[in-house]
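Let me begin by presenting the structure, written as structure tokens, before commenting on it.
Everything numeric here is computed off the predicted structure, so don't read it as measured data. Atoms within a ligand are numbered from 1 in the order they appear, just like the ligands themselves.
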Amino acid sequence: MHDVIIVGGGPAGFTAALYSSRGMLDTFLIEKLVSGGQMATTYMMENYPGFEEPISGPDLALRMEGQARKFGTKVINDDVVELKLDGKIKTVRTTKQVCESKVVILCMGASPKELGLPKERQFRGAGVSFCATCDGAFYKGKTVAVIGGGDTAAEDAIFLTRFCDKVYMIHRRDSLRAIKLLQEEIKSNPKIEIIWDTVVEEIVGNFEVEGIKTRNLKTNETKFIKLDGIFVAIGSSPNTELVRGMVDLDENGYIITDENMATNIPGVFAAGDIRHKTLRQVITAASDGAIAAYMAEKYINENKW
Ligand code: NAP
């Protein structure tokens with residue numbers, strides 16, 4: 001039996017792993033895909049302390065993983081398919097094995113939200129993308145639209161101007177949610193045109209994206225915009241399917257914890273973007289992970305095994 005199983009290898013998961021394994025706990029981390037979670041899809045980060053020059057998301061992810069491994073964390077890439085959390089001993093079933101632990105730390109993060117339009121899934125990889133960092137380079141000399149008005153949409157729009165001739169930013173309101181610094185960068189970038197008060201009603205194309213039909217929410221005017229690609233950046237939703245009905249969630253599906261990252265189930269903690277919180281950043285995910293691991297150690301010491 002492990003002391004701690006961590007589900008998810010983003011900044012929360014790897015920081016929890018670092019603190020847990022450095023605290024001499026037997027620590028096992030299960031990551032479905034690649035290390036870093038959403039951070040791995042971030043081109044450059046300039047708000048993670050300690051790096052005067054921006055560091056790439058994948059680079060920081062690899063460093064976090066390496067640091068956790070250095071202290072003894074075992075890492076596997078596998079899909080968790082079932083969690084049994086209510087007893088004193090927790091059971092985690094993956095596609096390949098069943099493992100047990102005294103503590104589980106849930107760090108499954110969040111995934112990009114979809115617009116919910118027909119063809120949105122069908123054209124994924126054929127003009128519809130949820131990751132500008134991953135797919136931007138395919139659009140050299142092309143015209144694309146970014147949907148959304150938050151920090152992600154703003155960063156995506158700016159990033160895409162490296163490759164694209166023209167980037168529309170389509171936002172449903174008349175002001176951006178993104179921080180002022182990004183708003184200024186957008187305003188001064190001649191390749192970016194913001195289309196305000198507008199929603200996408202239809203993705204147009206037969207085998208790939210050829211354009212979109214939009215509607216202005218103030219005037220009701222509809223328009224066709226010819227495009228080569230659409231980048232959806234309208235926020236994210238928590239990856240809590242595995243724990244629905246077990247762990248207390250808020251109305252948006254995020255896990256409710258106390259300030260010690262404890263959920264309603266003894267021995268089960270949650271950290272990072274999966275958690276109900278005000279600010280979802282790499283730094284706050286890392287902070288959550290550290291607290292969760294510290295409290296996990298305390299929980300193990302206080303309970304007889
Ligand atoms: P977000 O802040 O939730 O913004 C989502 C945007 O999409 C909003 O502008 C929202 O419009 C719009 N939107 C939501 N649903 C929509 C729909 N169905 N149709 C059209 N538009 C829709 O999400 P985010 O930009 O991904 O950021 C998430 C968190 O990560 C935030 O806390 C953000 O600060 C943080 N983040 C930080 C950085 C950084 O520090 N460098 C980078 C990226 C993200 P409304 O404005 O009208 O609600």
Inset, instruction - Pick one of side chain, backbone, both or neither for how H171 approaches ligand 1, counting any non-hydrogen atom pair under 4.0 Å. - result: side chain
Inset, instruction - Would you check if there is a donor-acceptor pair between the side chains of S21 and T27 at a distance under 3.5 Å? - result: no
Legend entry - ring-ring contact (aromatic ring centres under 6.0 Å, His included) partner of Y139, chosen from F163, F231, F159: F231
Inset, instruction - For atom 31 (C) of ligand 1, state whether the nearest protein heavy atom is under 4.0 Å away. - result: no
Inset, instruction - Name the closest protein heavy atom to atom 15 (N) of ligand 1, giving the residue it belongs to and the distance to 0.1 Å. - result: R172 NH1, 3.5 Å
Legend entry - For G148, the ligand 1 atoms whose distance to one of its heavy atoms is below 4.0 Å: 7 (O)
Inset, instruction - Give the numbers and elements of all ligand 1 atoms closer than 4.0 Å to a heavy atom of G149. - result: 6 (C), 7 (O), 8 (C), 9 (O)
Legend entry - Within-cut-off N or O pair, T152 and ligand 1, under 3.5 Å: yes
Legend entry - Nearest neighbour of atom 47 (O) of ligand 1 from the list K277, R173, R177, R280, on a heavy-atom basis: R173
Inset, instruction - Kindly say whether L176 contributes a backbone atom to a donor-acceptor pair with the side chain of Q183 at under 3.5 angstrom? - result: yes
Legend entry - Contacting atoms of ligand 1, where contact means under 4.0 angstrom from a heavy atom of N47: 39 (C), 40 (O), 41 (N)
Legend entry - Those atoms of ligand 1 less than 4.0 Å from some heavy atom in G235: 5 (C), 23 (O), 26 (O)
Legend entry - More than 12 heavy atoms from other groups under 6.0 Å of NZ on K32: no
Residues 122-131, side-chain donor-acceptor partners within the protein, below 3.5 Å, at least two apart:
from, atom 1, to, atom 2, distance (Å)
S129, OG, C131, N, 3.0
S129, OG, C131, O, 3.2
S129, OG, D135, OD2, 2.6

Legend entry - T240 side chain to G253 backbone, donor-acceptor under 3.5 Å: yes
Inset, instruction - Quickly, which of R215, K223, K119 forms a salt bridge (charged side-chain N to carboxylate O under 4.0 Å, His left out) with E201? Name it, please. - result: R215
Inset, instruction - Keeping the roles fixed (side chain from T15, backbone from A290), state whether a donor-acceptor pair exists under 3.5 Å. - result: no
Inset, instruction - Would you check the N or O atoms of D151, main chain and side chain alike, for any that come under 3.5 Å of an N or O of ligand 1? - result: yes
Legend entry - Proximity winner for atom 37 (C) of ligand 1, if only heavy atoms of Q38, M44, Q281, M45 are counted: Q281
Legend entry - Nearest protein heavy atom with distance in Å, relative to atom 19 (N) of ligand 1: L115 CD2, 3.9 Å
Legend entry - Candidates I230, D197, I212 - the one meeting side-chain contact (heavy atoms from CB on, under 4.5 Å) with I170: I212
Legend entry - Atoms in ligand 1 with a heavy atom of E155 nearer than 4.0 Å: 39 (C), 41 (N), 42 (C)
Inset, instruction - Report yes or no: is the cationic atom of K166 (NZ for Lys, CZ for Arg) under 6.0 Å from the centre of the six-membered ring of Y168, at an angle within 45° of the ring normal? - result: yes
Inset, instruction - Measure E46 to ligand 1 on non-hydrogen atoms and call it side chain, backbone, both or neither using the 4.0 Å cut-off. - result: neither
Legend entry - Protein heavy-atom partner closest to atom 18 (N) of ligand 1 - residue, atom, separation in Å: I234 CD1, 3.8 Å
